[in-house]
Structure formats: C-alpha cells, structure tokens
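See below for the structure under consideration.
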Amino acid sequence: MGQQQLLLVVLGMVLVGIAVVVAVTMFQANAIESSRNAITNDLLYFATKARGYYWRPVSFGGGNHSFAGITMGMLSSMSQNENGRYYIESNTTSEVVFVGVGLMVSGLDTVRVRMRVNEQNSVIEVLN
C-alpha cells in the first residue's frame with residue numbers, strides 16, 4: 001500500500017509540473033501576440049497620419065501627393081512608447097515603410113512588425 005501511495009504522489013507531481021510548463025508557455029505566447037497587436041495598432045496610427053501628410057498641400061505642411069521628406073517628428077512627438085520603438089525604414093513619393101520594434105523579447109530576438117503604406121492601403125508584415 002505504501003508503494004502505491006508513493007507512486008500516486010510522484011505521478012501527481014509530474015502532472016502538476018507539466019501543467020505549470022504548459023501554462024507558462026501559453027502565457028508567453030499570449031504576451032508576444034499582444035505585443036504584436038499593440039505595435040500593429042501604433043503603426044496603423046502612423047499610417048493614418050502619413051496619409052494625412054500625403055494628401056495635405058505643401059502650404060499646410062503636407063507632402064502634396066508625396067511621401068518624400070516625411071519624418072517621424074512630423075507624425076508624432078514620440079517615436080517610442082510602452083509598446084515599442086518606431087522608425088521610418090524608407091520613403092519614396094508613392095510609399096513609406098514604417099517598422100515597429102517591440103520592447104518584449106521573443107526567444108533571442110524582439111518582436112518586429114513592418115508596414116508599407118501608400119495612398120490607398122497598408123500592408124502589414126510580421127518580421128518576428
């Protein structure tokens with residue numbers, strides 16, 4: 001009878017250990033996905049501001065149908081917040097590319113999201 005109880009205790013400890021590992025893994029995956037969503041939201045905000053710059057005439061501080069010359073300072077007073085750090089990777093007359101780098105570390109790298117914005121649509125690319 002003592003061996004049977006000892007075996008049940010060991011089996012219970014193994015099951016609890018497995019449950020804890022699964023819970024930690026699920027929590028980390030959820031935190032990473034939440035970080036990606038927050039960065040994407042911020043990039044959508046920058047895309048909206050960039051389109052406003054694109055359509056605004058030069059006399060009102062815009063690009064007059066061009067993304068050339070746009071900077072992060074023109075779009076927002078902050079290029080970093082609690083979600084991540086944001087910068088313009090490239091800009092041409094017809095397109096601007098934003099990159100958001102999250103503050104949360106995923107594995108050995110950080111969460112990175114790229115957004116290509118033109119006058120009509122935005123294309124999101126998850127880099128990590």
Side-chain angles (χ1 to χ4, degrees):
M1 191 81 160
Q3 287 181 344
Q4 202 173 26
Q5 289 174 343
L6 186 60
L7 183 61
L8 287 173
V9 168
V10 170
L11 181 62
M13 289 176 56
V14 168
L15 289 176
V16 167
I18 291 171
V20 167
V21 168
V22 169
V24 167
T25 303
M26 287 178 60
F27 178 77
Q28 185 179 17
N30 187 29
I32 291 168
E33 188 63 29
S34 177
S35 178
R36 280 192 190 114
N37 289 340
I39 291 170
T40 301
N41 254 354
D42 291 339
L43 289 175
L44 286 170
Y45 168 77
F46 291 128
T48 302
K49 297 292 256 179
R51 279 200 195 89
Y53 173 85
Y54 177 87
W55 291 108
R56 196 175 312 119
V58 174
S59 59
F60 292 123
N64 198 26
H65 301 287
S66 172
F67 288 111
I70 194 170
T71 64
M72 289 300 288
M74 295 175 179
L75 304 177
S76 176
S77 60
M78 292 181 8
S79 62
Q80 183 171 346
N81 61 16
E82 63 276 357
N83 300 325
R85 183 176 51 86
Y86 306 94
Y87 61 92
I88 295 176
E89 186 176 64
S90 66
N91 59 345
T92 63
T93 56
S94 62
E95 181 181 74
V96 62
V97 179
F98 295 104
V99 175
V101 180
L103 300 178
M104 174 175 284
V105 177
S106 166
L108 299 176
D109 203 3
T110 57
V111 175
R112 301 171 66 84
V113 179
R114 177 184 293 146
M115 180 177 285
R116 297 181 183 282
V117 179
N118 61 32
E119 68 179 81
Q120 293 181 346
N121 59 23
S122 304
V123 177
I124 299 170
E125 178 184 358
V126 176
L127 301 174
N128 183 16

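Heavy-atom basis, side chains included; hydrogens, waters and symmetry copies ignored.
Nearest heavy atoms, Asn121 versus Asn118: N-OD1, 2.8 Å. Residues Tyr53 and Met74 share a closest heavy-atom pair of CE1-SD, 3.7 Å. Between Val99 and Arg112, the shortest heavy-atom distance links the atoms CG1-NH2, 4.3 Å. When all heavy atoms of Asn81 and Asn83 are compared, the closest pair comes out as OD1-N, 2.8 Å. Between Ser122 and Val117, the closest heavy-atom pair is OG-CG2, 4.0 Å. Between Phe67 and Thr92, the shortest heavy-atom contact is CB-O, 3.1 Å.
By the 4.5 Å heavy-atom criterion applied to side chains, Ile70 and Tyr54 are not counted as neighbours. Counting heavy atoms from C-beta on, the side chains of Met26 and Val22 come closer than 4.5 Å. A heavy-atom distance below 4.5 Å is found between the side chains of His65 and Trp55. Val111 places a side-chain heavy atom less than 4.5 Å from the side chain of Ile39.
With rounding to the nearest 0.5 angstrom, the CD atom of Glu119 is 9.0 Å from the CZ atom of Arg51. The distance from atom OH of Tyr86 to atom CD of Gln80, rounded to the nearest 0.5 Å, is 9.0 Å. Rounded to the nearest 0.5 angstrom, Glu82 CD and Ser35 OG are separated by 11.0 Å.
Using a distance-only test at 3.5 Å, with no hydrogens or angles considered, no donor-acceptor pair links the side chain of Ser34 to the main chain of Asn30. The backbone N or O of Arg36 sits less than 3.5 Å from a side-chain atom of Thr40, completing a donor-acceptor pair. In this structure, Ser76 contributes its side chain and Met72 its backbone to no donor-acceptor pair below 3.5 Å.
When Val9, Val10, Leu15, Leu11 are each tested for a side chain to side chain contact (heavy atoms under 4.5 Å, CB included) with Met13, only one passes: Val9.
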### Task
Take Asn37 and Glu33 through the test side-chain contact (heavy atoms from CB on, under 4.5 Å) and record every step on the way to the result.
CA-CA 6 Å; Asn37 289 340; Glu33 188 63 29; 3.6 Å; yes
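Put simply, Leu43 and Leu103 are part of two different groups of oily side chains (I, L, V, M, F, W, Y) that touch within less than 4.5 Å, one to the next.
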